Amino acid sequence: FGLEQISMTNIMGFYATKQYTTVTLFGGIYAIMLSSAMLSKEENDKTIEFLLSKPVNRTDVVKSKLLSFITLILAFDFLISASMYITLQIVKTQDFSLDIFLLLSIAAFLLHLTFGSIGFLVSVLVKSSKNVLSLSLGIVLITYFLGIASSLTEKLDFLKYLSPYKYVDAVAIISNINIETKYLIIMAIINVFAITMTFLVYNKKDFA
């Protein structure tokens, strides 16, 4: 968990190893389950046929769902960050870096967006809504443990590229006071690819 590089006796070290881990893990679960249900629920509840009978096309449907997701995640991360900041201000015994705190907040938001994009893609590739939710939850948990495994030994270091959690690793952010460019690029690629494929697959999907 990076305790050899940061100390839990430091307020930001404590935040990074406790609260931040909770926010990213459960926030990732929330993000992917929210996004994966937005499109699949329409199919499962048989409301998609009614929706498409209106003067809207499939691209419009995906756009509206995507905008709804981004709005909800923005609100979620803003409220979480605000409550965390207030809590840190109340319990602090020494000043902490606002820049690092903001970086961690942005990193968590980018992680949630990435899992959200993956959730949208999963929802258009898998037919059963039950399977969609199970697979989505599995993706988050598996990638989380892959991130932990990558830190155990240098032989498993390559696994960090398979775990979005390592892209926004709190220890690295606190140590370098930035989010590594290569991870920002990887997240951007994942998001663009997943959303693009979501539009393409959904426009050709058979709802019969």
Side-chain angles (χ1 to χ4, degrees), residues 20-80 107-150 159-168 183-184 186-208:
Y20 181 78
T21 300
T22 302
V23 169
T24 51
L25 176 58
F26 290 101
I29 292 173
Y30 169 70
I32 200 169
M33 294 189 74
L34 175 65
S35 64
S36 63
M38 282 187 158
L39 291 172
S40 62
K41 193 174 186 299
E42 296 283 0
E43 291 181 62
N44 190 57
D45 294 345
K46 307 299 182 184
T47 54
I48 187 61
E49 296 173 6
F50 171 77
L51 184 61
L52 293 178
S53 68
K54 301 296 181 181
V56 294
N57 56 41
R58 297 188 183 196
T59 298
D60 292 330
V61 172
V62 177
K63 282 182 180 178
S64 64
K65 298 291 186 180
L66 183 59
L67 287 173
S68 296
F69 169 77
I70 293 174
T71 302
L72 289 170
I73 286 299
L74 271 172
F76 172 82
D77 278 293
F78 176 79
L79 290 173
I80 290 294
F109 174 69
L110 293 177
L111 175 72
H112 299 157
L113 279 184
T114 301
F115 277 122
S117 299
I118 295 171
F120 273 110
L121 181 57
V122 169
S123 70
V124 298
L125 293 177
V126 181
K127 288 187 175 182
S128 170
S129 60
K130 291 183 179 179
N131 291 338
V132 167
L133 293 176
S134 299
L135 180 58
S136 298
L137 182 59
I139 288 172
V140 173
L141 295 179
I142 289 172
T143 54
Y144 178 73
F145 287 112
L146 285 176
I148 293 177
S150 70
L159 292 176
K160 68 183 180 183
Y161 294 106
L162 302 177
S163 174
Y165 284 99
K166 295 302 291 184
Y167 306 163
V168 294
Y183 293 135
L184 290 173
I186 293 174
M187 284 190 285
I189 291 173
I190 293 173
N191 278 279
V192 171
F193 174 79
I195 294 302
T196 301
M197 290 302 298
T198 297
F199 277 103
L200 293 176
V201 174
Y202 197 74
N203 276 311
K204 295 181 179 180
K205 193 169 185 179
D206 182 10
F207 294 114

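Everything numeric in this text was worked out from a predicted model, so none of it was measured. Along the sequence shown, residues carry numbers from 1.
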Exercise: identify the closest heavy-atom pair between M187 and N191: O-ND2, 2.7 Å
Quick one, F120 and M197 - any side-chain contact, counting heavy atoms below 4.5 Å? no
Can you find a heavy atom in the side chain of I73 that is under 4.5 Å from one in the side chain of Y30? yes
Shortest non-hydrogen contact from S36 toward L133: OG-CD2, 3.7 Å
With L135 via side-chain contact (heavy atoms from CB on, under 4.5 Å) - residues at least two apart: V122, V126, I139
Would Y165 and F115 count as a close aromatic pair, with their ring centres under 6.0 Å? yes
Are L146 and I142 side-chain neighbours, meaning at least one heavy-atom pair lies under 4.5 Å? yes
I want to check something: taking the side chain as every heavy atom from C-beta on, are I80 and H112 in contact at a cut-off of under 4.5 Å? no
Do I195 and V62 have side chains that get closer than 4.5 Å, going by heavy atoms? no
For a quick test of reading the model, state the closest non-hydrogen atom pair linking Y20 to A108 and the distance between them. OH-N, 4.1 Å
For the residue pair L137 and I29, establish whether any side-chain heavy-atom pair is separated by less than 4.5 Å. yes
Test applied, side-chain contact (heavy atoms from CB on, under 4.5 Å); reference residue, L39; option that passes from V132, V61, L121, L66: V61
Begin with the C-alpha distance, continue with both residues' side-chain angles, and end with the deciding distance and a verdict on side-chain contact (heavy atoms from CB on, under 4.5 Å) for T59 and Y202. CA-CA 8 Å; T59 298; Y202 197 74; over 6 Å; no
Verdict with reasoning, T114 to Y167, per side-chain contact (heavy atoms from CB on, under 4.5 Å): CA-CA 11 Å; T114 301; Y167 306 163; 5.7 Å; no
